[in-house]
Undergrad: 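Can you read through this structure? Questions will come right after.
Residue numbering restarts at 1 for every chain, and letters A, B, ... go by the order of the sequence lines.
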Amino acid sequence: MAKDTKTPRPKAETPKGFRDYFGSDVTDRSQMLAQIAGVYHRYGFDALETSAVETVEALGKFLPDVDRPNEGVFAWQEFDDKDKGDWLALRYDLTAPLARVYAQHRNDLPTPYRRYAMGPVWRNEKPGPGRFRQFYQCDADTVGAASVAADAEICAMLSDTLEAVGIARGDYVVKVNNRKVLNGVMEMAGVLDPNDPDRFKEERGIVLRAIDKVDRLGPYGVAQLLQAGRRDESGDFTEGAGLGREQVEIVMGFVAATTRVVTQLVEDFPDDAGDSWAPDNLRVVMAHPHEFKDRMLTYLRNIVGASKVGQDGVAELSEIAELLNLQGYGPERIRIDPSVVRGLGYYTGPVFEAELTFEIIDDKGRKQQFGSVAGGGRYDDLVKRFTGQEVPATGVSIGVDRLLAALRAKGRVGGQVAPGPVVVTVMDRARMADYQTMVADLRNAGIRAEVYLGNPKQFGNQLKYADKRNSPVAVIAGGDEFDKGVVQIKDLILGAEIAKNASLDEWKDRPSQYEVLRDDLVARVQAILKGQG
RNA sequence: GCCGCCUUAGCUCAGUUGGUUAGAGCGCUGGAUUGUGGAUCCAGAGGUCCCCUGUUCAAGCCAGGGAGGCGGUACCA
């Protein structure tokens with residue numbers, strides 16, 4: 001009965017996990033990227049832009065299962081031709097492409113090679129709150145430098161970068177740790193056998209992930225994960241590592257490192273401690289940076305005990321801390337934090353993470369922490385895949401979208417709506433050329449301006465349009481004005497201001513509108529713009 | 001992946017015990033008006049009531065299944 005002649009319309013929507021960026025989303029971001037690139041460049045890093053698409057082998061992924069959504073990456077086969085085509089994929093980070101580029105051009109590139117890169121990366125994962133399938137990263141890496149001086153430099157640069165984009169000192173901290181220290185702890189806890197590295201791999205993963213969660217779950221939650229497992233409020237159960245009592249004690253001693261060292265300091269220097277005994281009471285740390293560092297290193301040395309790799313790690317950590325301290329980067333900017341873990345099968349030495357420490361109130365009135373906005377570390381095995389030779393490398397990656405969101409929340413970026421163009425309205429279609437000349441004059445004077453290009457019959461709509469564009473000024477000229485060689489200039493910002501307190505009639509009197517000579521148009525508009533700040 | 005809530009116009013949402021042609025506000029387009037933006041009036045366009053199956057004379061509403069969204073949680077190079 002009902003006629004099915006209707007064809008379903010396409011749905012106008014962004015694909016899941018993707019976003020559209022409007023106006024200031026784009027300009028704010030490119031401004032921030034320019035600030036970051038400025039610091040990277042000043043530190044001697046060269047710009048590098050690589051292709052968005054890589055071969056799957058170069059990215060280090062196995063052939064994706066065709067039936068399943070490609071194991072986290074957007075991948076496809078180039079030709080359908082009897083499985084002959086290469087598998088390609090969108091890059092999922094900027095480090096794997098760097099390894100490829102360095103391996104490919106190593107004869108021409110200087111060693112060490114220092115480069116920075118920025119751009120979108122893609123991950124084919126289920127999107128969640130604040131997690132998208134396309135997002136921006138901004139990386140700097142040093143390839144071919146084994147010295148921990150390279151790691152220390154990255155940490156210092158990360159600190160400088162955050163301040164350069166507008167994160168105040170004290171509103172962030174760069175936390176430094178070392179994977180070798182973690183491995184030392186694993187050895188002591190009996191979940192890492194130096195003679196059989198693959199043994200206990202499963203348990204190690206659980207333990208490392210548990211340590212990483214101490215900020216959120218607290219020591220008790222971590223202890224649960226080390227033993228049988230943990231059931232969260234939503235009813236989900238997470239399998240634990242099944243460690244015995246002694247093992248748990250060793251790991252928990254490590255997890256509690258910061259708390260214990262700080263507590264010690266508070267006991268020894270009560271006058272410099274804050275009111276609170278909380279583990280994040282950092283006043284005493286700031287007052288005694290060297291004590292903090294030395295005691296932390298001693299504490300870690302004791303925990304890793306006889307483990308060779310563990311002692312190596314502590315030594316590296318000590319060296320980095322020393323280098324940074326001598327350059328004046330104290331614990332208010334960069335400090336040792338043993339709970340930093342980062343990616344599991346990736347980093348081989350120093351690891352670091354930049355965390356924002358200020359709280360914001362979200363739209364539901366809850367306190368929220370921004371958490372980690374950048375991370376990095378040493379990955380000495382990445383280039384080896386291509387060349388067979390060990391090439392040490394270290395670097396950092398900034399999560400651009402998150403950092404930008406943080407700056408917005410802080411009011412350091414955005415805030416006010418971007419100003420729109422001056423709108424020249426159209427009274428008389430036949431005089432379009434005159435209107436366009438006015439616009440050209442304004443543009444030549446460096447003023448953003450445009451002629452209204454919609455239906456000019458409804459004059460009110462033209463001003464509504466100017467309003468929606470957040471235009472500072474509208475220019476109005478009809479037959480009367482042209483006869484007299486004048487134009488009307490309407491200060492829209494002032495008009496809106498007046499409208500707040502004035503009655504409709506007062507406002508309709510147009511106190512914000514002036515008649516000026518056509519020849520003075522540019523000068524008068526300039527004056528208004530200047531007055532509006 | 002697991003747990004909970006949700007899904008009706010571009011947006012925010014009404015929709016009676018299951019009963020004709022599914023509504024409102026905002027927005028959009030046009031007009032009483034070819035000279036004035038917040039806040040005049042009138043009209044118009046815009047719908048797979050998330051999808052499928054079932055119950056019923058009759059389903060936006062009831063039942064079963066599925067999908068999508070949101071919030072937690074897990075994983076994350």
Side-chain angles (χ1 to χ4, degrees), chain A residues 2 4 6-9 11-13 15-17 59-62 71-73 89 91-97 99 121-131 133 137 205-206 209-210 212-213 216-217 221 225 229-239 341-347 362 364 366 372 375 377 379 382 397 420 423 425-431 452 454-471 473-481 488-510 512-513:
Chain A
D4 293 0
K6 270 188 181 171
T7 53
R9 298 191 178 87
K11 277 201 172 154
E13 59 188 10
K16 273 173 301 174
L59 287 176
K61 279 283 171 189
F62 298 110
E71 199 67 26
V73 304
R91 64 182 179 207
Y92 56 80
D93 71 8
L94 297 174
T95 310
V121 301
W122 294 268
R123 295 185 187 181
N124 192 5
E125 290 166 338
K126 205 174 169 184
R131 294 192 53 190
R133 298 204 286 178
Q137 287 191 334
I206 296 174
R209 283 191 290 269
D212 201 27
K213 290 193 179 94
R216 201 156 41 82
L217 302 183
L225 286 171
R230 175 177 180 271
R231 184 175 300 284
D232 60 55
E233 314 88 72
S234 73
D236 198 13
F237 184 74
T238 309
E239 190 72 35
V341 177
R342 311 283 313 162
L344 294 189
Y346 197 65
Y347 294 115
D362 69 9
K364 285 171 192 147
R366 295 180 303 197
S372 168
Y379 47 97
L382 219 57
S397 177
V423 171
T425 57
V426 175
M427 286 282 184
D428 182 353
R429 266 178 157 152
R431 296 195 193 258
Y452 181 72
N455 178 3
K457 281 182 80 175
Q458 310 240 81
F459 189 76
N461 282 350
Q462 305 201 36
L463 293 175
K464 277 186 189 165
Y465 170 81
D467 249 5
K468 200 164 211 170
R469 295 296 308 275
N470 195 35
S471 296
V473 168
V475 176
I476 302 166
D480 301 346
E481 283 81 7
Q488 303 284 339
I489 296 181
K490 196 179 188 65
D491 183 334
L492 295 170
I493 308 291
L494 179 60
E497 204 61 40
I498 292 170
K500 278 184 197 157
N501 301 314
S503 73
L504 187 58
D505 285 339
E506 282 168 345
W507 180 67
K508 290 281 185 196
D509 253 1
R510 308 206 276 275
S512 56
Q513 188 169 325

Undergrad: Rounded to the nearest 0.5 Å, how far does OH of A:Y452 lie from CD1 of A:I476?
TA: 13.5 Å
Undergrad: With no angle test and no hydrogens, is the base of B:U36 tied to the side chain of A:Q513 by a donor-acceptor pair under 3.5 Å?
TA: yes
Undergrad: When you compare B:C3 with B:U20, how far apart are their P atoms, in angstrom units rounded to a whole number?
TA: 39 Å
Undergrad: Base, sugar-phosphate, or nothing for A:Q462, non-hydrogen atoms under 4.0 angstrom?
TA: nothing
Undergrad: Is it true that a side-chain atom of A:R91 and a backbone atom of A:V121 form a donor plus acceptor pair closer than 3.5 Å?
TA: no
Undergrad: Distance between the C1' atoms of B:U48 and B:U7, in whole angstroms?
TA: 14 Å
Undergrad: Please check this pair: side chain of A:Q462 against backbone of A:V426, looking for a donor-acceptor N/O pair closer than 3.5 Å.
TA: yes
Undergrad: Pick the C1' atom in B:G46 and in B:G10, then give their distance to the nearest Å.
TA: 8 Å
Undergrad: Give a yes/no answer on whether the side chain of A:K213 brings an N or O atom under 4.0 Å of OP1 or OP2 in B:C75.
TA: yes
Undergrad: For the backbone of A:A96 and the side chain of A:D93, can you confirm whether one donor and one acceptor N or O come within less than 3.5 Å of each other?
TA: yes
Undergrad: Can you work out whether A:S512 or A:D428 has the more 5'-proximal nearest nucleotide on RNA chain B?
TA: A:D428
Undergrad: Any donor-acceptor pair under 3.5 Å linking the side chain of A:W507 with the backbone of A:G495?
TA: yes
Undergrad: Pairing check on B:C61: which nucleotide meets the Watson-Crick or G-U wobble criteria with it, both distances under 3.5 Å?
TA: none
Undergrad: When the C1' atoms of B:C13 and B:U29 are considered, how many whole Å apart are they?
TA: 23 Å
Undergrad: Can you tell me the Watson-Crick or wobble partner of B:A77, both distances under 3.5 angstrom?
TA: none
Undergrad: Can you check the distance between B:C52 and B:G68, where both ends of the measurement are the P atom (answer in whole Å)?
TA: 16 Å
Undergrad: Contact class for A:A496 vs. all strands (heavy atom < 4.0 Å): base, sugar-phosphate, or nothing?
TA: base
Undergrad: Using only side-chain N and O atoms of A:R209, determine if any of them is under 4.0 Å from OP1 or OP2 of B:C76.
TA: yes
Undergrad: So which nucleotide does B:A39 pair with, by the Watson-Crick or G-U wobble rule with both distances under 3.5 Å?
TA: none
Undergrad: Pick the P atom in B:G66 and in B:G71, then give their distance to the nearest Å.
TA: 23 Å
Undergrad: Does A:Q458 contact B:G35 through a side-chain donor or acceptor facing the base, at a distance under 3.5 Å?
TA: no
Undergrad: Tell me: NZ of A:K16 to C1' of B:U7, nearest whole Å?
TA: 15 Å
Undergrad: Tell me: CG of A:L463 to P of B:G35, nearest whole Å?
TA: 12 Å
Undergrad: Students often get this wrong, so: under 4.0 angstrom with heavy atoms, is A:R216 touching a base, only sugar-phosphate, or nothing?
TA: sugar-phosphate
Undergrad: If the cut-off is 4.0 Å, is A:N455 near the phosphate of B:G30, judged by side-chain N/O to OP1 or OP2?
TA: yes
Undergrad: In whole angstrom, give me the gap between the C1' atoms of B:C28 and B:A67.
TA: 31 Å
Undergrad: For B:A22, give its Watson-Crick or G-U wobble partner with both distances under 3.5 Å, or none.
TA: none
Undergrad: Calculate the interatomic distance between A:R123 atom CZ and B:A77 atom C1'; express it in whole Å.
TA: 6 Å
Undergrad: Any strand is fair game: report the nucleotide pairing with B:G69 by Watson-Crick or G-U wobble, both distances under 3.5 Å, or none.
TA: B:C5
Undergrad: Can you tell me the distance, in whole Å, between the CZ atom of A:R342 and the P atom of B:C75?
TA: 15 Å
Undergrad: Rounded to the nearest angstrom, tell me the gap between atom CD in A:E481 and atom P in B:G35.
TA: 11 Å
Undergrad: To the nearest 0.5 Å, tell me how far A:R469 CZ sits from A:L492 CG.
TA: 12.5 Å
Undergrad: Does the aromatic ring of A:Y92 sit over the six-membered base ring of B:A77, closer than 5.5 Å centre to centre and tilted less than 30°?
TA: yes
Undergrad: Is any side-chain nitrogen or oxygen of A:K457 closer than 4.0 Å to OP1 or OP2 of B:G31?
TA: yes
Undergrad: Determine the interplanar angle of the A:Y346 and A:Y379 rings, folded into 0 to 90°, and report it as parallel if under 30°, tilted if 30 to 60°, perpendicular if over 60°.
TA: parallel
Undergrad: Rounded to whole angstroms, how far apart are OH on A:Y347 and P on B:C76?
TA: 14 Å
Undergrad: So, is A:K468 close to the B:C28 phosphate, meaning a side-chain N or O under 4.0 Å from OP1 or OP2?
TA: yes
Undergrad: Can you tell me how far apart CZ (A:F459) and OG1 (A:T425) are? Round to the nearest 0.5 Å.
TA: 3.5 Å
Undergrad: Hey, does A:K490 reach any base, or is it just sugar-phosphate, or nothing, if we go heavy atoms under 4.0 Å?
TA: base
Undergrad: Rounding to a whole Å, what distance do you find between A:D509:CG and B:G37:P?
TA: 13 Å
Undergrad: In this structure, how many angstroms lie between the P atom of B:C28 and the CG atom of A:D467, rounded?
TA: 12 Å
Undergrad: Of the nucleotides B:A74, B:G37, B:U36, which one has an atom closest to the side chain of A:R131?
TA: B:A74
Undergrad: Rounding to the closest angstrom, what is the interatomic distance between B:G72 and B:G25 at atom C1'?
TA: 34 Å
Undergrad: Which base sits across from B:C28 as a Watson-Crick or G-U pair, both distances under 3.5 Å?
TA: B:G44
Undergrad: Given that both distances must come in under 3.5 Å, which nucleotide forms a Watson-Crick or G-U wobble pair with B:U16?
TA: none
Undergrad: Taking atom types as they are modelled, would you say the side chain of A:K508 forms a donor-acceptor pair with the base of B:U36 within the 3.5 Å cutoff?
TA: no
